[in-house]
Every structure is written in C-alpha cells, then in structure tokens.
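Here's the structure we're looking at; comments come further down.
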Amino acid sequence: MRRNSLPPGTTLSPHCRLKPHERLKTPMAEPKTNAERQPEDASSSQLEAVRRDKLRRLREMGVDPWGGRFDDRLLIGAITARAGEVKFQQEDGSQVEVPPLVKHEGLDPKTGRATTQWMVEEAAGEAPVAFRDWVTKLGAGEFHGPKVRAAGRVVLQRDKGKLLFLDIQDWSGRIQLFVGRDQVGPENWELIRCIDLGDIVGVDGELRRTRLGELSIFADRLHILTKSMVPPPEKHHGLTDPELRQRMRYLDLTYGEGVLERFRNRTKIVESIRGTLSRAGFCEVEGPTLHSIAGGAAARPFITHHNTLDMQLFLRIALELHLKRLLVGGMERVYELGRVYRNEGISPRHNPEFTMLEAYQAFGDYRTMMDLTERLIVEAIEATGGKSRVTWGDAVIDFTPPFARRTYDELIAEHAGVDPRDAVAVAAEASRLGFVPAGKHPDVVKNFVFEQRVEERLQGPVFVIDYPASICPLTKRKRENPEIAERFELYIRGMEIANAYTELNDPDLQEELFKTQLAGLPEEDSMARMDTDFVRALRHGMPPAGGLGVGIDRLVMLLTGAPSIRDVILFPLLRTEIA
RNA sequence: GCCCCCUUAGCUCAAUUGGCAGAGCAACUGACUCUUAAUCAGUAGGUCGUUGGUUCGACUCCAACAGGGGGCACCA
C-alpha cells in the first residue's frame, strides 16, 4: 500500500489521495443541472453521517474500525456442526442432552411475516413440544457448550435494550450471537453500540442454546473487524433490480439468496472438469488471447492494437487453432479452459466474453469426445452434490447417461416434417420460414431449417450427430460418405452446450475449405479466415484427433438452475454507469 | 441495429380519472437481559431516471435521451 511507502511519521489524509497538480487539473465544476449534480441526496448522506459518527466514536475508544488479522476462528458451518456438544446442565450437575429439534416455520397472519419456532420431538408418535416448555420442565440450570471464535458480517440485528441479538454470516453459514451488556462488560458494550448492519465482526464466546432453542454464540467479547459505511439492502428481499445485482455483485453475493452458493458451485464445476480431464491424461495449456487472425469459429471479433508492433490484433473468438498446433507438436491430449470474446449480441444466453473449454485428443474421433462429454457433465453434477435429474425453470433435465444420440437428418424429418434428402422440399420449408434460399448452398438452407424448427425443441440432453459437411469446414468427413461431417453438438433445453468434431488434418483440404469459405461469404460471417500459418502447421502432420468445445457458462446455468447467463458470470458486461 | 416493457426514499414496493407523494425494512430518539423478518411509542428521510413539451395544474399524457429487462437479428 501507498501508506507504507511514505517516510516514517508522515500521514496521508484520505482527502489528499491526489497529488496537488492532479487536484488542480480537476477543479470542481459548479453543478448547473440535475444531470451534473452528484446524487448525494440528503437521505443517503444522512445515513452515512450516522455511520461516520460511529466510526469516530470507535476511534476515540482507541478501536481500529478496519480491524486486522483475526486468527483461530472457526467457520460458522463448523460451529453449527458442533451443536450436539451443547448440553443442559442442571443444578445438581447432571447433564441433559438436547433431543432432536424441528424448526417450525409459519406466517404471522397479522404482518404476513415469517415466524420460526423450535420444537422438541421427545418420542416418535408424540406431538412435538415447544422448546421453551421442554426447558422449563428441566427446572433450574443452564446450557453449556464449547468455547468458540467466529467472524462474519452482521446481517440481522434485534436490539432488546441491554441485550442484543446479532445474526452473523460467513461463507459457510449463519449463526446468532447473544450479546448481553453485563456479560461483555461496559467497555465492550460501548463498542457494541457502534455496530451496524453490514459490519464485519468477530466474536469470542460459548456455544449454547437460548431458551427458545436457537443455537447461539453467547458472546464474552465482540470485536469490530470492519465498519460498513453504507446501509445494506432490505433484509428480507435483498436486491431485486438486476442492474444493481450485477453492478454491485458483492451485495448480491452477501444478501441474495443462493447467489454465493451458485458461484461456488460454478467453481466446483470448473474444478471438476479440470479433474476429469486430468484423470483422462489431458494437459492444460494457456494459448494466446491476442490473435493476429481471429479464427476457429464464425464470430465477429473485438479489434485491438499493439502500439510498439503497430499491429492490429483481435481478441480470440476460439481456442481451436492453437490447440491443434499443439497436437502437431506432440501434445497428444491437450485442453484449455478460458475466456473467449465475441463482438456480438447480448441475451440471456450470450455474454460478449464467456468461458470455453476446448479439448483435443490425438487418435480419437468425435465419438471419443462424446464419451468424454458425458463424463465431464456427470462428474460435474456429482461435484456440486447434485443428482442426475436437475431442475431448470419449470422443467427437469435428466442427465442420466448415456445421452440420446440422434442424427441431424432424423431430427429434421421428425421436427420439421421435411425429407432432409429432398433439397427442393427443404428449400420450400426454408422459404416458408422467411429464408431466401436462392444462391445459397443447399446445406446452408437445410441448416436454417434446422435452427428454426429443430433447435428449440431439443430439450435434451441429446447429441445431434452427422452434420452436413459443407457447414463444418474444420471437420473430417465420413469415409463412407463425404457429404457428412463427423461432428456432434450437444443440445440441452434448446441451447447448444457442446460441439465436437473429428478434426480435419488434411492440409490441402483445409486450405481449400478456407478459400471456399472466404469466396462465398462476407468477411465477418466467415467460419474460417485464411490462416496460412495454421495450414503450414498441418502440413507437418497433425495426428487424427477428436476435438471438443463446451460452453462452460451455459453448462453452469443448467446445473445451477440459472435462467440467465448473467446469473453465472460474476461481472457481466454492462454499459459504464453515468456519474 | 429493430420492437415491447421497466425506472417513485438507502433497499423492497404502492399511489384511483391529470388535482397536497404513501407504506414496510433500514436509520434516529425512547422502553425492554432469551429475541429470532423481535415488539411498542415517536422522529427524520423525495427535483417521482434526465431534459423538453401539452395543461390552470403532470409521478400520471406526449417526445427525446440515459440505464436496465425481454424478444428479434447475430451467435455459442
């Protein structure tokens, strides 16, 4: 930090972060219109002033409101797991175990708010008893349990005067703190009076139950570890505005129900994929993200520039061509899991940057990759603790392997009601759907029909196999039928999740296909831009191989029940916020 | 790029036909040592996204702009 680089004895006021000449460059303009005025309205500055006042009081007490290292705390999840150690100690010294408790949740008919009550099930078949009544029957005594230390953010607070209940939350769970004025002592109580919702606190205390049964840390001492200067969102609803949820993801993670869990599941899925590939003998690499030719997919790239080389560059749209160069180089099983960038539309299924897995296996083919795909998905589901039947929206997706395998033509016949071998009938159907088939390759026309009529009906998971060769320029053809490419796409809920080929390794054919693509289509629509360096690599001999691409974000959507890709990307692209 | 919808207190949401801008949570003051979406009494908090227009009068009607959401197109 900058503070550490200052000479001893020098202090840096937070109001003087800019050097003097920088401050002169940005004189404060007098606000003229509402648009220019800072939206520091009375209400929010008033709320912050209250917290700044508490900050000042803490400093006057000699307490650092920004805390520091806090060793030896237990995760709250680990603490709640020790609930069984909490016992009721009667006056004669005998200990009573706490029987199994059941949480009764209801709605207050007056306020419509949730109510909770802990009930004791003493014996099977008998009506449960309120915990409070169960305790009363035990007579005089107290609960006792282990001494624990925890830390977390204050998410709920109930002030009873000389008694304060705080719910604190860390990333493993939530627990109630019981804080009594007489129990913590007057000095600590003064400090506790400066705690607000949203602050991060540490606690030392004893794990016990309250008379209503709630497992709680009975605080001996509270520590302020970080003061929060801004009030948190509404305690029950959290943030609902999708814009705020994305711009202030930290609040969404803290207060949004299931949000943190969803992103941790994303991490687990990615870890699982790496594990599956590693166990299958794959080697992870990092290819370049700055490409001089944006190849490997049909997409418009982001354009950038390198100053010293004075060179136009593109952010990569795919991982493919460099991974294949590595196949040539002898990396027999190789993969990359990383970001690609496509300068295209934004939708609930599209973000301009997204995470892609591409894996290549020498001496395999597209069927090899089909098996691998199934394993990747099944193991990812296991990693998140899920079952093979996953709920997504109002539907259930059954991931029990093997996934269905259907040919492209079969599906066209089934869903579009057209004979896929009859080019005239296919063209007629395409016209009916608003496509002008004239001058287009018959397979392009057929693919339009597929996209319009078939894709959205593929609830899946289903492997669509055997695509028309002419729409797959990087794919090897079937030996017995050169019209068909050895390719599959995995569809789930109408979304393309994975795409795999038996990779084309004939350099002459590859070069020819690059040229035909370039001749027939505008540059930005071209599947493959001529990449002579890649063709040169192929000339040295790329082993026959299977290649697989998986859209990780979409897979995570399906496995975590997210309706939008922006729910599984921590910081999706947004327009810059106006000041 | 095109079409539709949304934007009201820090947060979540109301506001009748164009006629004084409302509630809950959060905050503040007070009461309460076993509460749990605590409760009770009181207080404060608003340029109704922005800029124009229509009107005696606009949160409300119209236009433009900004941000967001959905759909189409593009794509995965």
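Chain letters run A, B, ... following the sequence lines, proteins first and then strands; every chain starts at 1. In this text the structure is predicted, and so the values were computed from the model without any measurement.
We find that NZ of Lys160(A) is positioned 11 Å from C1' of U36(B), with the value rounded to whole Å. Ile346(A) has its CD1 atom 11 Å from the P atom of G1(B), to the nearest Å. Atom CG of Asp196(A) and atom C1' of C28(B) are 11 Å apart (whole Å). Atom-to-atom, CD1 of Ile195(A) to P of A26(B) comes out at 16 Å; the value is rounded to the nearest Å. Between the CG atom of Leu244(A) and the P atom of U8(B) there is a distance of 9 Å, given to the nearest Å. For the pair Glu48(A) CD and G45(B) P, the computed distance is 18 Å after rounding to whole Å. Between Glu358(A) atom CD and A76(B) atom P the separation is 12 Å, expressed in whole Å. The separation between Leu156(A) atom CG and U36(B) atom P is 11 Å, rounded to whole Å.
Between U36(B), A26(B), C32(B), one nucleotide has an atom nearer to the side chain of Thr210(A) than all others, and that is U36(B). The Phe165(A) side chain lies nearest to U35(B) when the options are G68(B), U39(B), U35(B). In the set U12(B), U33(B), A27(B), the nucleotide with an atom closest to the side chain of Gln157(A) is A27(B). Side chain of Arg566(A), nearest nucleotide from G70(B), G67(B), U35(B): G70(B). The side chain of Arg247(A) lies closest to G68(B) when the candidates are G68(B), A26(B), C13(B). Of the candidate nucleotides A37(B), A76(B), C11(B), C11(B) has the atom nearest to the side chain of Pro233(A). Here A44(B) is the nucleotide among A44(B), C25(B), U36(B) with the atom lying nearest to any side-chain atom of Gln46(A). Closest contact between the side chain of Lys235(A) and the listed nucleotides A26(B), U33(B), C74(B) involves A26(B). Closest approach to the Arg342(A) side chain among A76(B), U33(B), U35(B) is made by A76(B) (side chain taken as heavy atoms from C-beta onward). Among A38(B), U12(B), G69(B), the nucleotide with an atom closest to any side-chain atom of His237(A) is U12(B).
Within the 4.0 angstrom heavy-atom criterion, base atoms lie near Glu234(A). Among the protein residues, Gly549(A) comes within range of no part of the nucleic acid, since none of its heavy atoms lies under 4.0 Å from any strand. Within the 4.0 angstrom heavy-atom criterion, no nucleotide atom of any strand lies near Glu455(A). If you check every strand for non-hydrogen atoms under 4.0 Å, Asp53(A) touches nothing. Residue-level contact check: Arg209(A) touches neither bases nor backbone, having no heavy atom under 4.0 Å from any strand. When heavy atoms are screened at a 4.0 angstrom cut-off, Ser347(A) is found touching no nucleic acid atom at all. At a threshold of 4.0 angstrom between heavy atoms, the contacts of Tyr255(A) with the nucleic acid are absent. Note on Ile497(A): nothing from the nucleic acid sits closer than 4.0 angstrom, heavy atoms only. Gly551(A) comes within contact range of no nucleotide atom at all, as no heavy-atom separation falls under 4.0 Å. Using a 4.0 Å heavy-atom criterion, one finds that Leu164(A) contacts no nucleic acid atom at all. Here Glu496(A) lies in heavy-atom contact (under 4.0 Å) with sugar-phosphate atoms only. In this structure, Leu212(A) reaches the bases: a heavy-atom distance under 4.0 Å links it to at least one base atom across the strands shown. Gln246(A) comes within 4.0 angstrom of the backbone, heavy atoms only, and of no base. Residue contacts for Arg575(A): at a heavy-atom cut-off of 4.0 Å it reaches the sugar-phosphate backbone alone, with no base atom in range.
The side chain of Thr115(A) places no N or O atom within less than 4.0 Å of a non-bridging phosphate oxygen (OP1 or OP2) of A37(B). OP1 or OP2 of U12(B) sits under 4.0 Å from a side-chain N or O of Thr240(A). Distances shorter than 4.0 Å separate none of the side-chain N or O atoms of Gln452(A) from OP1 or OP2 on C72(B). Put simply, Lys54(A) has a side-chain N or O that comes within less than 4.0 Å of OP1 or OP2 on C28(B). Distances shown here put every side-chain N or O of Arg113(A) at or beyond 4.0 Å from the OP1 or OP2 atom of U36(B). Taking only side-chain nitrogens and oxygens, Arg158(A) comes nearer than 4.0 Å to OP1 or OP2 of A38(B).
The separation of G46(B) from G10(B), taken at their C1' atoms, amounts to 12 Å, rounded to a whole angstrom. A distance of about 25 Å separates the P atoms of A44(B) and G49(B), rounded to the whole Å. U8(B) and U50(B) have their C1' atoms separated by 14 Å, given to the nearest Å. Here, G22(B) and U36(B) have their C1' atoms 29 Å apart, quoted to the whole Å. Comparing A21(B) with A58(B), their P atoms sit 11 Å apart, to the nearest whole Å. With C1' as the reference atom, C59(B) and U17(B) are 15 Å apart, rounded to whole Å. When the P atom is compared between C28(B) and G70(B), the two are found 37 Å apart, to the nearest whole Å. When the P atom is used for both A76(B) and A64(B), the distance is 35 Å, rounded to whole Å.
A salt bridge does not link Arg57(A) to Glu60(A): none of the charged nitrogens lies less than 4.0 Å from a carboxylate oxygen. One finds no salt bridge joining Glu358(A) and Lys324(A) here, because no Lys/Arg side-chain nitrogen approaches an Asp/Glu carboxylate oxygen to under 4.0 Å. Under 4.0 Å is where a charged nitrogen must lie from a carboxylate oxygen, and between Glu48(A) and Arg51(A) no such pair does.
With a cut-off of 3.5 Å on both Watson-Crick or G-U wobble distances, the partner of C40(B) is given as G30(B). Pair assignment for A14(B): none, as no Watson-Crick or G-U wobble contacts are both less than 3.5 Å.
Of the candidates Asp466(A), Thr475(A), Thr502(A), Thr373(A), Tyr366(A) forms a side-chain hydrogen bond (donor to acceptor under 3.5 Å, both in side chains) with just one, namely Asp466(A).
Taking the six-membered ring where the residue is Trp, Trp134(A) and Phe131(A) present tilted rings, their angle falling between 30° and 60°. Ring geometry, Tyr408(A) versus Tyr467(A): the interplanar angle falls from 30° to 60°, so the pair is classed tilted.
Looking at which nucleotide of RNA chain B each of Asp241(A) and Asp159(A) is closest to, the 5′-most match is held by Asp241(A). Nearest-nucleotide positions on RNA chain B for Phe448(A) and Gly180(A) put Gly180(A) closer to the 5' end.
Aromatic rings of Phe165(A) and Phe178(A) (six-membered ring for Trp) have centroids within the 6.0 Å cut-off, being under it. Between Phe88(A) and Phe143(A), the distance from one ring center to the other falls under 6.0 angstrom.
At a cut-off of 3.5 angstrom, the base of U33(B) holds at least one donor-acceptor pair with the side chain of Gln183(A).
With hydrogens and angles left out, the side-chain atoms of Asn351(A) and Arg566(A) include no donor and acceptor closer than 3.5 Å.
Side-chain atoms of Pro461(A) and Leu490(A), non-hydrogen and from C-beta on, do get closer than 4.5 Å to each other.
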